[in-house]
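What follows is a set of notes on a single structure, which appears directly below.
Naming: A, B, ... by sequence-line order, numbering from 1 per chain. Heavy atoms only: backbone and side chains are in, while hydrogens, waters and symmetry mates are out.
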Amino acid sequence: MLLINDIRADKGGIIARLAKRGKDFTDLVNQAISLDDKRKNTQSEMDDVLSESNKISKEIGKLFAEKKIEEANAMKARTGELKEKSSALGEQLKAYEAELLDVLYQIPNAPGAAVPAGRSETDNTIILEHGEKPNLTQKLPHWELCEKYNLIDFELGVKITGAGFPVYRGKGARLQRALINWFLDKGRDAGFEEIQPPLFVNEASGIGTGQLPDKEGQMYHMEVDNLYAIPTGEVPITNIYRDVIVKEADLPIKNCGHSPCFRREAGSYGKDVRGLNRLHQFDKVEIVQLSHPTKSYELLEDMSSYVQNLLKDLGLQYRVLLLCGGDTGFASAMTYDMEVWSAAQEMWLEVSSVSNFETFQANRLKLRFKNSNGKNEYAHTLNGSALALPRIMASILENFQTPKGIIVPEVLRPYCGFNVID
RNA sequence: GGAGAAAUGGCAGAGUGGUCGAACGCACUGGUCUUGAAAACCAGCGUACCGCAAGGUACCGGGGGUUCGAAUCCCUCUUUCUCCGCCA
């Protein structure tokens, strides 16, 4: 959520930035400010009452010490009223805080300076396109290739669990494992510390990265233990830094980690969910960075080129989109999407999304660093997929298919131990 | 899963109802001294909110309660440790 002090400091600017999402947030912003005013006034009033009541308590203590029991008991009467007053003010303060939070939760991140205005994906800017569309002599979609070479069994997953939980086997499983290991090694080479996070998180973590309270429907929830299956490694990895004050000199902090991701994807159906396009369980390697506020947009560009280099090394044709305000995720200030060409489906598949959240996540996480003035300041957070496995698998299978088999990208061969799938 | 013990500032560790937001030590920061460093000495050193400031308020694992007053008493949850059981 946005920092209320940022909103107060530049109300007009924030409203203008938010307007790039194709919606007017003036009312919500005004509501937030007026609730914050009420909050401040109530707090002030309550502090005064408490201050007086503390003073009286100390006097009573003194009187007891001097054995002036009568006088002490007489003073007790005066505190009753104050107590009632302060607890009423306390209730009111809590109510205002809750209301303010509720309003702030409804305001998305303010898009960054470079983000174009727009309402939907049609307003996104194509930054660049890299590579040539492959010239295929056969054009089987990946689900047919999976069946032909016995790589991924979707039916079997349905039997064991349900739709969207495929079974990878043989060279399919090995290719997937090769990709994961290669991604992690590339991450390490680029200075990211490797993390193996928990796959279930508690409520506090869900709130920290913004999945809760609004989007709980998208996560699998284990009610017995009140734990949530992670929808992305971003959740546990970013929550490492919840309630943490890092050293300024340690920034940027770079983490990467592989994890399965679990998404209920309620409401998805049709051709979008065919094959590997949309799953309930899939694997992803995530990169996360904590940045100094002055450096975060530089790091966003770094992350974008890092991801692009992975795609280049794999030999995939891709394009980079700068998302317009309306298509930028709720928590993000600026997002690049990387899409890979799927040669048989003849469509672009989103394989990565790298975002700068500025202080939006850090605010909820209470992730700060001590600046040179000794003041605590909110850090910026960034993250991106590097990369999500299923659609990479799909495009490798489709784009590198030949009548004699699927040619494995060279960088993966040492990892999987075969050059061709036939 | 059963029985018991514990949770205090970056660390360590006092404090069992009233000048305790919290001793002492270590670490850290600034200063004196020194050619420089170490040592020694002096000073500072948690977080958040309100306030122009002075100052005020809250926080001793989380939440609730008792009391004029809670780090301290009570309830509850969580976590850690020890023993038993089970187990990759």
Touch class at under 4.0 angstrom, heavy-atom based, for A:Lys55 against every strand present: nothing
Shortest non-hydrogen contact from A:Phe400 toward A:Pro409: CE1-CG, 3.6 Å
Sugar-phosphate, base or nothing in reach of A:Asn41, heavy atoms under 4.0 Å: nothing
Earlier contact from the 5' end, RNA chain B, for A:Glu52 and A:Ser44: A:Ser44
B:C41 and B:U34, which share atom name C1', separated by this distance in whole Å: 14 Å
Whole-angstrom distance between B:C86 and B:G2, as gauged at atom C1': 12 Å
Distance, nearest 0.5 Å, that separates CG of A:Asn356 from CD of A:Glu301: 10.0 Å
Sugar-phosphate only, base, or nothing, as touched by A:Ile60 at under 4.0 Å among non-hydrogen atoms: base
Nucleotide opposite B:A22 in a Watson-Crick or G-U pair, distances under 3.5 Å: none
Nucleotide forming a Watson-Crick or wobble pair with B:U78, both distances under 3.5 Å: B:A7
Pairwise C1' distance for B:G9 and B:C20, with rounding to whole Å: 13 Å
All side chain to side chain donor-acceptor pair (under 3.5 Å) counterparts of A:Asn226, not counting sequence neighbours: A:Glu203, A:His221
Gap in Å between the two P atoms, one belonging to B:A6 and one to B:C42, rounded: 38 Å
Nucleotide forming a Watson-Crick or wobble pair with B:C33, both distances under 3.5 Å: none
Under the ring-ring contact (aromatic ring centres under 6.0 Å, His included) test, residues paired with A:Phe357 that sit two or more places apart: none
RNA chain B: 5'-most and 3'-most nucleotides touching chain A, 4.0 angstrom heavy-atom criterion: B:G18 to B:G69
Distance between C1' atoms of B:C60 and B:A22 (Å, rounded): 8 Å
Test side chain to side chain donor-acceptor pair (under 3.5 Å) applied to A:Asn363 - qualifying residues, sequence neighbours left out: none
Any strand: nucleotide that pairs with B:G1 via Watson-Crick or wobble, under 3.5 Å: B:C84
Sugar-phosphate only, base, or nothing, as touched by A:Thr79 at under 4.0 Å among non-hydrogen atoms: sugar-phosphate
Sugar-phosphate, base or nothing in reach of A:Lys58, heavy atoms under 4.0 Å: nothing
Pair assignment for B:C49, Watson-Crick or G-U wobble, requiring both distances under 3.5 Å: B:G56
Identified pairing partner of B:C28, criterion: Watson-Crick or G-U wobble below 3.5 Å: B:G44
Touch class at under 4.0 angstrom, heavy-atom based, for A:Asn376 against every strand present: sugar-phosphate
Distance between C1' atoms of B:A71 and B:G15 (Å, rounded): 8 Å
Sugar-phosphate only, base, or nothing, as touched by A:Lys94 at under 4.0 Å among non-hydrogen atoms: sugar-phosphate
Pairs of donor and acceptor atoms involving the side chains of residues 380-389 of chain A, under 3.5 Å and at least two apart or interchain, shall be tabulated with distances.
unit_1	atom_1	unit_2	atom_2	d
A:His380	ND1	A:Ser296	OG	2.8
A:Thr381	OG1	A:Gln361	OE1	2.7
A:Asn383	ND2	A:Glu234	OE1	3.2
A:Asn383	ND2	A:Glu234	OE2	3.3
A:Ser385	OG	A:Ser353	N	3.3

5'-most by nearest nucleotide on RNA chain B - A:Asn5 or A:Ser53: A:Asn5
A:Tyr318 versus A:Glu339, side-chain donor and acceptor atoms under 3.5 Å: no
Pairing residues for A:Phe192 by the ring-ring contact (aromatic ring centres under 6.0 Å, His included) criterion, not counting sequence neighbours: A:Tyr306
Rounded distance in Å between the C1' positions of B:G56 and B:C75: 32 Å
Distance, P atom - from B:G10 to B:G61, rounded to whole angstrom: 13 Å
Any side-chain donor near an acceptor of the partner, A:Asn30 and A:Lys11, under 3.5 Å: yes
Complementary nucleotide for B:A71 - Watson-Crick or wobble, under 3.5 Å: none
